[in-house]
Amino acid sequence: MEKKRFLMLGFFVALVGMGLFTVHAYNSTSKVKKISLFDNETRTINYSRTEKYGQKKFEVYLDDEKGEYIFLNDKLTGFLKNVTIEEEKQEEVKKLMANKTTREGLLKSYNEKAQQVVKKVNDTNSTLNRYDKTNSYYQEGYDEFVYTFTKTIDGYPTNDSITISLDKDGNLSSLNAPRQGLFDKYDNIKINKAEVTNFIEKNMSLDSYSDISNYEVDFEIINLVNDKLVLEIGIELTHKTGAISTTILYYEI
Amino acid sequence: MKKSILFSLFFGIFAFIGFTNPVSARSAYIHYYNQPTDNGIVNREPTYSAALPHLKEMKFNVNGYDNAGAGNAIRQMKNVDGPNVFVVHNHGEPGRQIMGSDGSSLVGQNGETILYQSINRVDPLSFRQLRLAIFYGCQTGVTTGKYGDLPGQVVSKGATTSVAWTVNTYVHSVNEWNRLFFEKAKTDNIVESFRHADYWLEQIQGTTYSNIMKQRTERGNIYAFITL
């Protein structure tokens, strides 16, 4: 009798387990999206995993070629093509790109294509919606043409950028746009440059940095840190020993 | 009887593989400096702790050092049973990786005092067991200064690959980029892992920090795997 009870209990537990597994499997496989990021092509992508960084949860989907599509709060924030970078293949590309005229010609000719991707991702389809091109270069090592478009406020770059990279044939290799529109509501703010300078001087006084012989501003960007709008200021510190290090100041706007 | 012979045979084969497989002999040396300053501690420890689980998955024995000197580092790098992966995170200068709070450093050439270890003076092939050396510090990858080409010198002494930075680096970005790099290096080669780390750092911290980490001097074979 006791044995029968145990058998029944075991059967019941197994049944519940199977049920839970089926539900989990259904949920996993049911997360499918259609995406039309590429010219004349719609791809089906499947949920793969969630990457958690601080408060942010990035959902990663994969296409048939293991390309990663990243979603934050259900909005596409990125794409990274799965590529194999092999020495033999790269030698040919290196030879081609060693020619400065070829390299710079391709960088220029793909500019329009990069802008098209920005318009598509940004849901405007016609304008760059205030994303100004701030940088374009050829990334050696993994051979990509990189284009960065950034929103600025009162002349300062924000941490809202869209970066596009294209391979040597002009195919989309990656897209990075994780903070679209994050600073739009602060569009009309003005930053008092004299106050910023005073803030830096006060914070970098020798009382705070006794072993520093010199400092210089490395970069300034508008950012949100702990839900506060700040000017994030990267500072290069030169130590009395000749060593160089860095620190970051946050000027609350 | 037959069963026990078969069992002994299989056990013997597994034991043989276990003892001879080079996987078990992998080791990594990660140096960081948790620096006390007038404004608090500069926390570089995650360069070690966040990479640790990934390196362990790759079967590396990982030794972490806080504020050790350059002498200790160079002794281990020259040892034939020394580290296959070598990582330092501290201050820098063109061609110079500072190690400890005593100012001891690794430099490509022209080390002025006993505290400076000039890599160009090391015997040829001394670093042949080293698959990857990473120098996280401001401008360590600038090759035109008096201390020369630090990552280039390391490769010239037998290391497979070496990387250093040509611009100023920021502690929180280095810690995150390093973790992302080793996360990918479990399955992909060095340059593919660079690409993964560059990309994901931009998702997490933004374009400014990702662009900083992309400014590298890469020497040797960037297509190698650190696990081979």
Side-chain angles (χ1 to χ4, degrees), chain A residues 51 53-54 56 58 68 70 72 77-78 80 82-88 90 134-135 137 139-142 144 146 148 150 157-163 165 173-174 176-179 203 207-212 218-219 221 223 232 234-239 241-248, chain B residues 33 35 37-40 42 90-94 96-98 101-103 105 137-140 142 146-147 163 167-174 176 179-180 183 188-196 198-212 214 216 218 221-224:
Chain A
E51 299 272 356
Y53 297 105
K56 291 180 183 170
F58 295 97
E68 293 181 337
I70 296 139
L72 189 62
T77 63
L80 183 63
N82 181 31
V83 293
T84 305
I85 308 173
E86 291 166 333
E87 190 168 11
E88 296 76 23
Q90 293 308 110
T134 48
N135 202 5
Y137 58 93
Q139 178 73 35
E140 274 187 66
Y142 47 86
E144 289 175 356
V146 184
T148 301
T150 304
T158 69
N159 203 18
D160 178 2
S161 293
I162 299 182
T163 300
S165 75
S173 190
S174 76
N176 231 318
R179 293 169 189 81
N203 278 277
D207 296 343
S208 305
Y209 290 95
S210 52
D211 64 333
I212 301 299
D218 207 11
F219 67 82
I221 50 165
N223 205 359
E232 190 166 330
I235 306 272
E236 175 192 291
L237 307 168
T238 305
H239 296 249
T241 58
I244 302 165
S245 67
T246 55
T247 191
I248 300 172
Chain B
Y33 178 32
Q35 179 195 5
T37 71
D38 298 339
N39 300 298
V42 179
N90 196 356
H91 299 321
E93 198 186 331
R96 177 186 174 204
Q97 173 71 64
I98 296 159
S101 53
D102 57 358
S105 306
C138 294
Q139 304 180 31
T140 51
V142 173
K146 64 178 172 182
Y147 298 123
V163 60
V167 293
N168 298 325
T169 56
Y170 288 80
V171 171
H172 71 302
S173 295
V174 166
E176 192 68 57
R179 184 191 68 74
L180 290 161
E183 173 186 78
D188 290 47
N189 69 24
I190 290 167
V191 66
E192 288 161 356
S193 305
F194 285 164
R195 182 174 177 259
H196 170 85
D198 293 341
Y199 178 82
W200 272 96
L201 190 72
E202 188 166 1
Q203 280 282 325
I204 300 162
Q205 294 184 355
T207 308
T208 301
Y209 293 109
S210 176
N211 279 347
I212 286 170
K214 279 180 180 176
R216 299 181 285 263
E218 300 165 359
N221 181 9
I222 57 172
Y223 309 102

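Computation of the quantities below employed the complete heavy-atom set of this structure, encompassing side-chain atoms and omitting hydrogens, waters and symmetry-equivalent molecules. Order of the sequence lines fixes the chain letters, A, B, ..., with proteins taken first and strands second; residue numbering starts at 1 for each chain.
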Checklist entry - Should A:Asn176 and B:Thr207 count as side-chain neighbours, where that means a heavy-atom distance under 4.5 Å? => result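 No, their side chains stay 4.5 Å or more apart.
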
Item to check | Top contributor to chain B contacts, counting heavy-atom pairs under 4.5 Å, from A:Asn135, A:Asn159, A:Leu80 | outcome: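 If we count pairs closer than 4.5 Å to chain B, A:Leu80 comes out on top.
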
Working to the nearest 0.5 angstrom, can you tell me the gap between [X] [atom1] and [Y] [atom2]?
X        : Y        : atom1 : atom2 : value
A:Tyr53  : B:Glu176 : OH    : CD    : 6.5 Å
B:Ile222 : A:Gln90  : CD1   : CD    : 7.5 Å
B:Thr169 : A:Asp218 : OG1   : CG    : 10.0 Å
A:His239 : B:Ile98  : NE2   : CD1   : 7.5 Å
A:Glu68  : B:His196 : CD    : NE2   : 7.0 Å

Next on the checklist: Looking only at the side chains, is there a donor atom on one of A:Ser165 and B:Arg195 sitting less than 3.5 Å from an acceptor on the other?
Outcome noted: no

Item to check | Pick from B:Glu218, B:Gln139, B:Lys214 with the largest number of heavy-atom pairs that fall under 4.5 Å of chain A | outcome: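 If we count pairs closer than 4.5 Å to chain A, B:Lys214 comes out on top.
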
Measure [X] against the heavy atoms of chain A and call it side chain, backbone, both or neither at under 4.5 Å.
X        : answer
B:Asn211 : side chain
B:Glu202 : both
B:Gln203 : both

Item to check | Contacts of type ring-ring contact (aromatic ring centres under 6.0 Å, His included), residue A:Phe219, not counting sequence neighbours | outcome: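 Result, ring-ring contact (aromatic ring centres under 6.0 Å, His included) vs A:Phe219: B:Tyr170, B:Tyr209.
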
